[in-house]
Engineer: 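This structure is in structure tokens; I'll ask about it shortly.
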Amino acid sequence: TVSGNVLISAYAQVGHAQDARTFFNEMLDRNASTWNNMINAYVQSGELEHARALFDVMPQRDQGTWSLMIHAYTRRKLLEQAEQLFLQLEEPDVMSKTCMIVGYGLAGRISDAYNMFTGMVERDTVSYNAMVQAFAENNHTDSARQIFDSIPRPNLSSFNAMIAAYAQQGNVQQAKEIFDQTKSRNVVTWTAMMNAYGQAGQVEEAKRIFDTMPEPNTVSWTTMITAYAQNGMSKEALQLFRCMDLAGVEATRVTYVSVLYACSDLTELQLGRLVHRDVKNLHRRLYFENVVGNSLMQMYGRCGKLVEARTVFDEMVDRSTPSWNTMISAYSKAGHGTEALRLFELMAVDGGSRPDCITFMSILFACSHAGLVEVTRSQFRSMSMDYQLEPW
RNA sequence: CUGGCCAAGCUAA
């Protein structure tokens, strides 16, 4: 049984739920870990429905089963589902509660997160860290700091989370202060500190960290590229991307987002097209990532290539609200107000994404520049009437 | 042999 569990767990790691299931079906005696591993295999390969189906028929669920399933829901931002499971637990353990803190934090329900936290009779460092993170990602940096200061036995993740919290506020001084208190550091610590400098516009300092840190990984490289791009040094960003490629470090979707941002910043159409080709041919998985498509559209739009932008848009497999916004505003900025409006109507018909206030800003911009005053007026009404968005 | 926390990223102005 144990070796069978190891095998299923191995399949789970690589996301081969199908193979895991075949093996699972052939196993004679299964214990709770067997089931948990199998559910986890479905979770890892993104098949939540299958995971849930198995969860529902599992004979002897243990605490791990529940928190595994709750965690899967919170990560996919399906908080209702997570909550529903959580409430069925008579005696939720520390891990399930921590999952809920994370879930509430991600959903911006910070007081629910805090209530969960304060209601815990037993907490470990991970629960404290989750609470720090929940406050931090909702910009309650001071509250995050208070929790941080109250952690009995902080670990490196506690420090890393706090450094990142200050980094996103652009507060280098505080970030550095925490950084200097760390006894040991890992790649996350260094990268977070590097980002703190980048966010504060201290690109040279960021680069100094990047050059001296022990083992920069793809996130570290991307952070440095982003630091350049966001501080008006897009040429350097693109140069560093070349180095990253030469160093054999795998790009991620975030890398491409930053690189394409640098391309649009410089209206480097040639390079942008090259990147487009590379990601399409060499990173097929990333090519279908929503954010990568958005960045490609943005790049083409910025370079005035609306047809190519539109082609990317049409090829996208799932379009988020930012996808629609990017394309609509590309039309708007190019003075194609009518096209922008047409796309907006298509958005409503498509129904896959809801317009948000950015959509309306783009539409209003398009209308006003096209001199479509009447249309502007009616869109403005629709904004509050149909979508409950307040004009401001 | 299974479950929870930490670093980078896209759209309007």
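Convention: sequence-line order gives letters A, B, ...; per-chain numbering from 1.
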Engineer: Regarding A/V6, tell me which of base, sugar-phosphate or nothing describes its non-hydrogen contacts under 4.0 Å with the strands shown.
Structural biologist: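 The residue A/V6 makes sugar-phosphate contact but no base contact.
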Engineer: Applying a 4.0 Å non-hydrogen cut-off, can you work out what A/Q44 is touching in the nucleic acid: base, sugar-phosphate, or nothing?
Structural biologist: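 Answer is nothing: A/Q44 stays at 4.0 Å or more from every strand.
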Engineer: Is a donor-acceptor contact shorter than 3.5 angstrom present between the side chain of A/D124 and the base of B/G4?
Structural biologist: yes
Engineer: Looking at B/C5, B/G9, B/U11, which one has an atom nearest to any side-chain atom of A/T226?
Structural biologist: B/G9
Engineer: Any N or O donor-acceptor pair linking the side chain of A/D93 to the base of B/G3 at under 3.5 Å?
Structural biologist: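 Indeed there is one.
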Engineer: What is the nucleic acid contact for A/V132, judged by heavy atoms within less than 4.0 Å: base, sugar-phosphate only, or nothing?
Structural biologist: nothing
Engineer: From B/U2, B/A7, B/G4, pick the nucleotide closest to the side chain of A/V126?
Structural biologist: B/G4
Engineer: Establish whether A/Y228 and A/M299 are linked, either directly or via other cluster members, by ILVMFWY side-chain heavy-atom contacts under 4.5 Å.
Structural biologist: yes
Engineer: Round to the nearest Å and state the distance from A/N294 atom CG to B/G9 atom P.
Structural biologist: 16 Å
Engineer: Does a side-chain N or O of A/K97 approach OP1 or OP2 of B/G4 to a distance below 4.0 Å, or not?
Structural biologist: no
Engineer: Regarding B/U2, can its base be found pairing with the side chain of A/N36 as donor and acceptor, where the two atoms are less than 3.5 Å apart?
Structural biologist: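 By the distance-only test, yes, there is a pair.
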Engineer: Quick one: is B/C5 close enough that its OP1 or OP2 comes under 4.0 Å of any side-chain N or O from A/R75?
Structural biologist: yes
Engineer: In whole Å, what is the span from the CE atom of A/M120 to the P atom of B/G4?
Structural biologist: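 Whole-Å distance recorded here is 15 Å.
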Engineer: By nearest atom, which of the nucleotides B/G3, B/C5, B/U2 is closest to the A/N129 side chain?
Structural biologist: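 Of all the options, the side chain of A/N129 is nearest to B/C5.
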Engineer: Which is true for A/I358 with a 4.0 Å heavy-atom rule: it touches a base, it touches only sugar-phosphate, or it touches nothing?
Structural biologist: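 Base contact - A/I358 has a heavy atom under 4.0 Å of at least one base atom.
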Engineer: Taking the side chain as everything from C-beta on, heavy atoms only, tell me whether A/Y287 gets closer than 4.5 Å to A/L296.
Structural biologist: yes
Engineer: Take atom CZ in A/F86; do more than 12 heavy atoms of anything else shown fall under 6.0 Å from it?
Structural biologist: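 Yes, enclosed.
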Engineer: Considering residues, nucleotides and ligands other than A/Q18, do more than 12 of their heavy atoms fall under 6.0 Å from its CD?
Structural biologist: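 Open: at most 12 neighbouring heavy atoms sit under 6.0 Å from CD of A/Q18.
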Engineer: Among B/A7, B/C5, B/A12, which is the nearest nucleotide to the side chain of A/N155?
Structural biologist: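 Nearest to the side-chain atoms of A/N155, counting from C-beta on, is B/C5.
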Engineer: I'd like to know if A/V188 and A/V172 are part of one continuous hydrophobic network [Ile/Leu/Val/Met/Phe/Trp/Tyr, side-chain heavy atoms within less than 4.5 Å].
Structural biologist: yes
Engineer: Output all residues satisfying side-chain contact (heavy atoms from CB on, under 4.5 Å) with A/A175, sequence neighbours left out; order by chain, then residue number.
Structural biologist: A/I163, A/Y166, A/M193, A/A196
Engineer: Any side-chain N or O of A/Q298 below 4.0 angstrom from OP1/OP2 of B/G9?
Structural biologist: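 The answer is no; no side-chain N or O of A/Q298 sits under 4.0 Å from OP1 or OP2.
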Engineer: Looking across every strand, which nucleic acid part, if any, lies under 4.0 Å from A/N217 by heavy atom: base, sugar-phosphate, or nothing?
Structural biologist: base
Engineer: Please work out whether the ring planes of A/F210 and A/W221 are parallel, tilted or perpendicular, with thresholds of 30° and 60°.
Structural biologist: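 Judged by the thresholds at 30° and 60°, the geometry between A/F210 and A/W221 is perpendicular.
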Engineer: Looking only at non-hydrogen atoms, find the nearest pair between A/R185 and A/D180 and report the distance.
Structural biologist: NH2-CA, 4.0 Å
Engineer: Looking at every strand, decide which applies to A/T326 at a 4.0 Å heavy-atom threshold: base, sugar-phosphate, or nothing.
Structural biologist: sugar-phosphate
Engineer: Consider the side chain of A/N325, meaning its heavy atoms from C-beta on, and name the nucleotide among B/A7, B/U11, B/G9 that approaches it most closely.
Structural biologist: B/U11
Engineer: Let me know the distance between CZ of A/R354 and P of B/A12, rounded to the nearest Å.
Structural biologist: 21 Å
Engineer: May I ask you to say what A/S127 touches in the nucleic acid, namely base, sugar-phosphate or nothing, with a heavy-atom cut-off under 4.0 Å?
Structural biologist: base
Engineer: Kindly point out which of B/A13, B/G4, B/A7 is positioned nearest to the side chain of A/T191?
Structural biologist: B/A7
Engineer: So which of residues 242-265 of chain A are in contact with RNA chain B, with a heavy-atom cut-off of under 4.0 Å?
Structural biologist: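 Of all residues in residues 242-265 of chain A, the ones placing a heavy atom under 4.0 Å from RNA chain B are A/T252, A/R253, A/V254, A/V257.
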Engineer: Ignoring the backbone of A/P322, work out which of B/G4, B/C1, B/C10 is nearest its side chain.
Structural biologist: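 Closest of the options to the side chain of A/P322: B/C10.
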Engineer: Hydrophobic clustering (ILVMFWY, side-chain heavy atoms < 4.5 Å, transitive) - are A/Y261 and A/F313 grouped together?
Structural biologist: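 Cluster IDs for A/F313 and A/Y261 differ.
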Engineer: Ignoring the backbone of A/V2, work out which of B/G9, B/C1, B/G3 is nearest its side chain.
Structural biologist: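 Among B/G9, B/C1, B/G3, the one nearest the side chain of A/V2 is B/C1.
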Engineer: Within a radius of less than 6.0 Å around CD of A/Q60, do more than 12 heavy atoms belonging to other residues, nucleotides or ligands occur?
Structural biologist: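 Result for CD/A/Q60: open.
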Engineer: Between atom OH in A/Y228 and atom P in B/G9, what is the gap in whole Å?
Structural biologist: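 Taking OH of A/Y228 and P of B/G9, I get 17 Å after rounding.
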Engineer: Using the side-chain heavy atoms of A/V291, tell me which of these nucleotides is nearest: B/C6, B/G9, B/A8.
Structural biologist: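 Of the options given, the side chain of A/V291 lies nearest B/G9.
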Engineer: Between P on B/C10 and CG on A/N290, what's the gap in Å once rounded to a whole number?
Structural biologist: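 After rounding, the gap between these two atoms is 13 Å.
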Engineer: Atom CE of A/M327 to atom P of B/C10: distance rounded to whole Å?
Structural biologist: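 After rounding, the gap between these two atoms is 20 Å.
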Engineer: Given atom CD1 of A/I101 and atom P of B/C6, what is their separation to the nearest angstrom?
Structural biologist: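 Between P of B/C6 and CD1 of A/I101: 12 Å.
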Engineer: Just compare B/A8, B/C10, B/A13 and give me whichever is closest to any side-chain atom of A/T222.
Structural biologist: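 Of all the options, the side chain of A/T222 is nearest to B/A8.
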Engineer: How many Å lie between CG on A/N37 and P on B/G3, as a whole number?
Structural biologist: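 My rounded result for the distance is 8 Å.
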Engineer: For B/A8, does either OP1 or OP2 sit under 4.0 Å from a side-chain N or O belonging to A/Q230?
Structural biologist: no
